[in-house]
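Sequence positions, counted from 1, serve as the residue numbers for this chain.
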Amino acid sequence: MAPAEDDSLVLDHPIWYASSPESLATNAVVARQAALLDYPASRRKGALGRYAGWMARAEDTRIQAGESLSAFTVVSRFRPGWTTAYVLAGGGLRLPGSSADLPDEVVAEINVLSHVENSYSVVLTVGPRFGSQAESSQIAAEWLLGLKKMIAGGELDARSRYLAALIESLQWIEQGKAETLPATASAPAEGLEARLDAIIRMAL
């Protein structure tokens, strides 16, 4: 999910089909950040996003069970932050016969199931998030939200000295006591920590 006001967004992949900037409908309310259910309500109101996507037909290269596919590219002038990705395999929700034959109560329940946050697998990921007007305190607050979620879910090591120092620095920025991230005494571990360190420093 990308910010509605991001007119610089370009998606690409060497095999899969990517949404073009012209096809990105502005219709996703930020409240649909399903990977961040505790996203502050004060920032949802009136904020819109766009569903930006890649897809492959059955005869194209698929991601098989246990495999992965790289080279999904996002180019944007916006700074990076947490966003929600929705992943679907197959044709989605299929109804027996016509929905016109179903009782209104059943149709109402099916409509809820068809919402993207309910019918797709939800993944917390990084993407274009903050325009030039975003304040450092807001950026830091949202990075803190996602980092704490990943630590609680075991995706990041709660015992990491680097993460403890990073979280403390982000809290200082959130509170308006600092503007940028300082160099940390503890280096990030190779892999996910190192990637996050580079991305967060790009954002701030």
Side-chain angles (χ1 to χ4, degrees), residues 1-3 6 11 13 16 28 30-44 47 49 52-54 63-76 78-89 116-118 120-131 134-204:
M1 207 176 85
D6 184 2
L11 310 178
H13 190 271
W16 282 37
V30 172
R32 290 186 179 175
Q33 288 274 20
L36 291 173
L37 294 177
D38 44 359
Y39 186 80
S42 61
R43 295 187 199 141
R44 296 177 191 161
W54 296 264
I63 302 176
Q64 301 295 337
E67 295 181 347
S68 62
L69 187 63
S70 60
F72 295 93
T73 304
V74 181
V75 178
S76 172
F78 275 47
R79 286 177 284 178
W82 298 114
T83 190
T84 299
Y86 300 97
V87 184
L88 173 68
V116 65
E117 62 268 34
N118 297 324
Y120 287 42
S121 296
V122 174
V123 180
L124 179 65
T125 190
V126 172
R129 188 73 184 89
F130 303 105
E135 297 181 357
S136 296
S137 58
Q138 175 193 354
I139 297 172
E142 294 194 23
W143 273 107
L144 279 168
L145 185 64
L147 287 174
K148 290 177 180 178
K149 180 179 178 66
M150 292 186 73
I151 290 172
E155 297 163 281
L156 290 172
D157 186 357
R159 301 164 297 176
S160 167
R161 292 183 179 179
Y162 159 75
L163 285 175
L166 174 63
I167 287 173
E168 183 179 23
S169 296
L170 288 171
Q171 288 171 335
W172 279 90
I173 296 173
E174 180 187 21
Q175 296 164 12
K177 299 176 181 178
E179 281 293 322
T180 59
L181 284 175
T184 56
S186 300
E190 291 185 11
L192 183 56
E193 278 192 10
R195 292 197 299 273
L196 285 173
D197 181 78
I199 295 168
I200 295 172
R201 291 184 184 280
M202 188 187 306
L204 288 166

Ignoring hydrogens, what is the shortest heavy-atom contact between [X] and [Y]? Give both atom names and the distance.
X	Y	answer
Leu163	Asp157	CD1-O, 3.4 Å
Ile200	Leu147	CD1-CD1, 4.1 Å
Met1	Thr83	O-OG1, 2.6 Å
Leu170	Ala140	O-CB, 3.5 Å
Arg129	Trp82	CD-O, 3.2 Å

- Task: Any chance you could measure Glu142, atom CD, to Ser137, atom OG, to the nearest 0.5 Å?
- Result: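 Rounded to the nearest 0.5 Å, the CD-OG separation comes out at 10.0 Å.
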- Message: What's the separation between atom CG in Leu69 and atom CD1 in Ile63, rounded to the nearest 0.5 Å?
- Response: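 Result: 4.5 Å between the selected atoms.
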- Message: Quick one, Leu166 and Leu196 - any side-chain contact, counting heavy atoms below 4.5 Å?
- Response: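 Not touching, per the 4.5 Å side-chain cut-off.
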- Task: Using a 4.5 Å cut-off on heavy atoms from C-beta on, say whether the side chain of Thr180 contacts that of Ile173.
- Result: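 No, every pair of side-chain atoms sits at 4.5 Å or beyond.
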Looking at residues at least two apart in the chain, or sitting in another chain, which of them share a side-chain hydrogen bond (donor to acceptor under 3.5 Å, both in side chains) with [X]?
X	answer
Ser160	Glu193
Glu155	none
Glu179	Ser136

- Within the distance-only criterion (no hydrogens, no angle test), does the side chain of Arg201 pair as donor or acceptor with the backbone N or O of Pro182 below 3.5 angstrom?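 Yes.
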Using side chain to side chain contact (heavy atoms under 4.5 Å, CB included) as the criterion, list what pairs up with [X], not counting sequence neighbours.
X	value
Ile199	Pro80, Val126, Trp143
Trp54	Leu11, His13, Trp16, Ala18, Phe72, Val74
Ser76	Asp6, Ser8, Leu9, Phe78, Pro128
Ser186	Arg161, Tyr162

- Query: Applying side-chain hydrogen bond (donor to acceptor under 3.5 Å, both in side chains), which residue pairs with at least one partner in residues 66-75 are found, sequence neighbours left out?
  - Reply: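 Residue pairs with at least one partner in residues 66-75: there are none.
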- Query: With a cut-off of 6.0 Å (strictly less than), are more than 12 heavy atoms of other residues, nucleotides or ligands near CD of Glu135?
  - Reply: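 Incorrect, the count does not exceed 12.
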